[in-house]
There are 2 protein chains.
Amino acid sequence: MATLAERPRLDDVLEDLGYRMTPPRRLLARLLGNKAGSFSAEAIIEELPTVGRATVYRTLKLLVDAGILCKTALPDGAPRYSFDDARHHHHVICANCGKVEEFRKPVVERLLRAMAKEVGGAVVGHRVELYITCADCL
Amino acid sequence: MATLAERPRLDDVLEDLGYRMTPPRRLLARLLGNKAGSFSAEAIIEELPTVGRATVYRTLKLLVDAGILCKTALPDGAPRYSFDDARHHHHVICANCGKVEEFRKPVVERLLRAMAKEVGGAVVGHRVELYITCADCL
DNA sequence: GCCATAAGTGATACAACATATCACTACTGA
DNA sequence: TCAGTAGTGATATGTTGTATCACTTATGGC
Ligand SMILES: [Mn+2]
Ligand SMILES: [Mn+2]
Ligand SMILES: [Zn+2]
Ligand SMILES: [Zn+2]
């Protein structure tokens, strides 16, 4: 996960992408900017009762599409959002508390690319997730 | 995916697990037994209008827990069910038509296990999915 | 600074994919 | 045969969104 220090300011990001700066977006930018770890969309909705559900989901999607946030899932499929860094990567997820860390493993990437050739058809992507019980949760 | 020939008879499986043989389960066993590729729960519900939604979902879960079916997801998260084989494996999924194939890659397993040690905490599992556009869809 | 207008908003409805309840039914083993 | 429990399905509810649409507002051009 990107540390708070190296994170882009969300309102700058949205503005740079050509989106308008509105009060709901400022509220979201401020709230998300201080989030550590991963969070659910519904948690954000509860924390910002003045912002509509649709707006929260729309903005989260904007940020995911912009590569600022990642959308992952717990083993049971429950979606989680977390900050992204720019490079291709995968996630280590605590199945208990939902904390998300990123990892890169070039060897794994190479192997998956290699395997792709054995498979008929064109590879369009892959997903790798490692589930743990984190040190804090043990 | 297990070929039809080597597939266990679903009603036998359920009976062996100690479940009762009821008309809905017989209908489900017959329908699923003839399914190729992957399918959605909702498709089954439509094809068996006399069987309740809850029963379909309950039985699918039973079969997943019994290791007879796998539950996977398309890249957009839409759940798919397909026949499983007994060994640990992962999936190659056509993002277009939903066809599911299984694969095993011991090297990848070993690498993920190795990586697990670098991570603080106890590893409880992993997920690897390869998304393709299959030959038929190209 | 004003203004037109396109972008954004939020209430609400709807959708997909389930799970919880609960009164009823029917397998099953004794 | 029959009691007891497993199973059923109608229905309500939950989660995670997307679609609509009338309304509001941020913004760039003047
Ligand atoms: Mn990868
Ligand atoms: Mn594996
Ligand atoms: Zn944890
Ligand atoms: Zn296909």
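Chain letters run A, B, ... following the sequence lines, proteins first and then strands; every chain starts at 1. Computed from a prediction, not measured in an experiment: that's the story for all the values here.
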Length of the line joining [X]:[atom1] and [N]:[atom2], which is rounded to integer Å:
| X | N | atom1 | atom2 | answer |
| --- | --- | --- | --- | --- |
| B:Phe39 | C:dC17 | CZ | P | 14 Å |
| B:Ile44 | C:dA18 | CD1 | C1' | 15 Å |
| A:Asp11 | D:dT27 | CG | P | 12 Å |
| B:Ile45 | C:dC17 | CD1 | P | 9 Å |
| A:Leu17 | C:dA7 | CG | P | 15 Å |
| B:Arg25 | D:dA6 | CZ | P | 11 Å |
| A:Leu14 | C:dA7 | CG | P | 16 Å |

| message | Protein within reach of the bases, or only the backbone? For nucleotides 24-30 of chain C, mark each nucleotide 5' to 3' as B, S or -, using heavy atoms under 4.0 Å. | response | --BBS--
| query | What does nucleotides 9-21 of chain D look like as a protein-contact string, B for base, S for sugar-phosphate only, - for none, at under 4.0 angstrom between heavy atoms? | reply | BB-----BBBB--
Gap separating the [atom1] atom of [X] from the [atom2] atom of [Y], nearest 0.5 angstrom:
| X | Y | atom1 | atom2 | value |
| --- | --- | --- | --- | --- |
| B:Arg25 | B:Asp11 | CZ | CG | 11.5 Å |
| B:Arg80 | B:Ser40 | CZ | OG | 5.5 Å |
| A:Thr72 | B:Arg127 | OG1 | CZ | 10.0 Å |

| said: Please say yes or no: joined through hydrophobic side-chain contacts below 4.5 Å, possibly via intermediate residues, are A:Val123 and B:Leu138 part of one cluster? | reply: no
| task | Determine whether the side chains of A:His89 and A:Glu101 contain a donor N or O and an acceptor N or O closer than 3.5 Å. | result | no
| task | Any chance you could lay out the side-chain contact (heavy atoms from CB on, under 4.5 Å) test for A:Val56 and A:Glu42, step after step, and finish with the verdict? | result | CA-CA 9 Å; A:Val56 170; A:Glu42 296 298 327; over 6 Å; no
| Under the salt bridge (charged side-chain N to carboxylate O under 4.0 Å, His left out) test, which residues partner B:Glu15, sequence neighbours left out? | none
| task | Give the ring-plane orientation class for A:His126 versus A:His90, where under 30° counts as parallel, over 60° as perpendicular and anything between as tilted. | result | tilted
